Asks: 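Below is a structure I'd like to ask you about.
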There are 2 protein chains.
Amino acid sequence: MARSPASRGARAATLSDVARLAGVSVATASKALNGRNHVHAQTRARVLEAAQQLSFSPNSLARGLLAGRSGTVGLLTSDLVGRFSLPILMGAEDAFGAGQVSVFLCDARGDAIRERHHVQALVSRRVDGLIVVGSSTDPRPPLVEGVDVPVVYAYAPSEDPADLSIVPDNVGAGRMAVEHLIACGRTRIAHISGDRDYSAARDRVVGAEAALEAAGLEPVGEVAYGTWSEGWGRAAAGLVLDRHPELDAILCGSDQVARGVLDTLRERGRAVPEDVAVMGFDNWEVVATGSRPGLTSVDMNLEELGRTAARAMFDAIDNEHARGVQTTQCRVVIRGSTAPVA
Amino acid sequence: MARSPASRGARAATLSDVARLAGVSVATASKALNGRNHVHAQTRARVLEAAQQLSFSPNSLARGLLAGRSGTVGLLTSDLVGRFSLPILMGAEDAFGAGQVSVFLCDARGDAIRERHHVQALVSRRVDGLIVVGSSTDPRPPLVEGVDVPVVYAYAPSEDPADLSIVPDNVGAGRMAVEHLIACGRTRIAHISGDRDYSAARDRVVGAEAALEAAGLEPVGEVAYGTWSEGWGRAAAGLVLDRHPELDAILCGSDQVARGVLDTLRERGRAVPEDVAVMGFDNWEVVATGSRPGLTSVDMNLEELGRTAARAMFDAIDNEHARGVQTTQCRVVIRGSTAPVA
DNA sequence: AAAGCGACCGAAAACCTTTTCGGAACCTTC
DNA sequence: GAAGGTTCCGAAAAGGTTTTCGGTCGCTTT
């Protein structure tokens, strides 16, 4: 590591050092550096020069101690490895990082003990707020400890309706998907979903069925619940095609399921999108673009969700804050697997 | 948000509050809470009771100010969205989180300006160390600013050999892959790599060719460089099969490329693994397990890399620290796409 | 020339914890 | 009863910054 030439090993330059070098008091140095008035222009220049020379960097710990706020927030995920946390985290980091706020990242690994430990550490560090990111959209118990800072729950809502939670609009996503298929002229739409235990799967089904009903259409067969895997998509597509060969679209619970469905369709010689249109959810870039044809998918806008959570956090820090569950919009990303009927 | 019942709105309990409630001085309260001796057992109990009652949480800012170290480290990624940063970050967070260290996460989005800004902020927060995570294994310029804390570069090494860098052993990975194929009895091994501009691709090729030579085997055709995509895998597999129909194994530059190769092999009626064995790199779980058959792959052990970087950071914080580029081991994960010849 | 006023600067307190060192209280022993 | 030792507790300083308030200096006005 390269040590800065200015600092001779031991400790970083302090405001006193700057003041001494500039020949003023610490008070004046502070005012000069922070752009407060009542400082002569020439004096200010001397201070800035001295600070530059010592590569002075104000100690945020001392500043935070005095101000009573640290300028930091905690981001507590329960499952970082899952791919849903990451974009949320990016959005939040984006919104905070643009300001003066730094982000503590903690991953609880789905362990409640670990979570408590992390919360305790964050409280001790006097974070100004806390964003709790869940690993699925199913509700989770609120943080129990005496947390004295604003908390925003993202992705997974808190079970306590008095808390503020930001979640993706899965019902709306299901609706948008079906509306897109209908707009493509499809009328015989089957639905191969994911794991029934996930509210995300059920909510998307609710939205899809509502859109079908609104259009006066009947679903083709029952919704097939299974797992979130490609294997399930392959197997389920076989079953559905056997029973309902007349279908002209398959809505899939996730992009992975859709990949499996595409596999089976190709094996059976059903052309996509001419014969059958296919859609997925999540818009998982690498999965959706790697398939043949590219997969139309509903993007859950998770990065926007993260930004929204961060903004809600800002609001909660100074003003009094909102409560309840808020949803964020999704959007359809059209690729080759859906197209208007000829 | 639920406010703790103990804190009546305004500010968190301080050590003075605890001391007052326990009827002792702050000095004694501090000693009691930190388990120092020279405190009567009964007095200690009174203090602990008081702290509990006020849900006291020591102010890490004040503690850090006094101790001269904050107990935090910065994790600076250049591309969080890429899937390589995440496991490294998890490993590091794991290693740090187990101790008393909290982690600041910053994403520079590949922007040098943004990176400087984040470094400045981290220095101001008096982090005890810094891990810089790159987005590819190609060397990157070192942090220029007068950073007065230990820096460890992970994944992407620093261009300055005086810095400490931890990178995955791509050469070893290539070697291990070919050794596995040879152990399966394959002798006519083709190599479809990824983007030639990435040192990861070139290093893997180096290792693979070394292993072939060590076994007295000739490569089948030239190494095919292209992109890291499924599409490239599909196309390249077609070309290679046309020219070298005798091959009995294809080593692929990444799991995504391997997925494409598998596609083409199936279309051409070549059985995997009986006829042709296929391997990838990265062991990207969802890609490698979703394919038919499951994809044998070389895991780069990125989480371990993150942990190693964190440990190196610890060493650098107290002792004087190491320099140069260190590599971490990879490992072969065997699935259905490779098997001994019958 | 005295008074008044504005512009600029500095001393000191505050934030909260840890550590050092001196002092008080109590007990033992001669 | 005094000397000495042990055990426990408290005063105070340190760490770096910001803010408040009082003070100094020079200039203007009458």
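If you're wondering where the values come from, they're calculated on a predicted model, not measured in any experiment. Letters go in sequence order (proteins before strands), and every chain restarts at 1.
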Asks: Do any side-chain nitrogens or oxygens of B:Ser30 fall under 4.0 Å of OP1 or OP2 in C:dT17?
Replies: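 False: B:Ser30 side-chain N/O out of range (4.0 Å or more) of C:dT17 OP1/OP2.
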Asks: Take the protein atom CZ of B:Arg125 and the nucleotide atom C1' of D:dG16, then report the distance between them rounded to whole Å.
Replies: 15 Å
Asks: Round to the nearest Å and state the distance from B:Lys31 atom NZ to C:dT19 atom P.
Replies: 10 Å
Asks: Do any side-chain nitrogens or oxygens of B:Ser60 fall under 4.0 Å of OP1 or OP2 in C:dT17?
Replies: no
Asks: Quick one: B:Leu66 CG to D:dA12 P, roughly how many Å, whole number?
Replies: 18 Å
Asks: Surrounding CZ of A:Arg83 (heavy atoms of other residues, nucleotides or ligands, distance under 6.0 Å), is the total greater than 12?
Replies: yes
Asks: Using a cut-off of strictly less than 4.0 Å, decide whether B:Asn34 has a side-chain nitrogen or oxygen near OP1 or OP2 of C:dT18.
Replies: yes
Asks: Base, sugar-phosphate alone, or nothing: which one does B:Thr14 contact when heavy atoms must sit under 4.0 Å apart?
Replies: sugar-phosphate
Asks: Nearest-nucleotide wise, let me know which of B:Arg126 and B:Arg46 is further upstream toward the 5' end of DNA chain D.
Replies: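 In this pair, the answer is B:Arg46.
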Asks: Which nucleotide wins on minimum distance to the side chain of B:Thr43, given the candidates D:dG16, D:dC8, D:dG10?
Replies: D:dC8
Asks: When you measure from the side chain of B:Thr28, which nucleotide among C:dT18, D:dG16, D:dG10 comes out closest?
Replies: D:dG10
Asks: Ignoring backbone atoms, test whether A:Arg36 places a side-chain nitrogen or oxygen under 4.0 Å from the OP1 or OP2 oxygen of D:dT19.
Replies: yes
Asks: In terms of heavy-atom contacts, does CD of B:Glu159 have more than 12 from other residues, nucleotides or ligands at under 6.0 Å?
Replies: yes
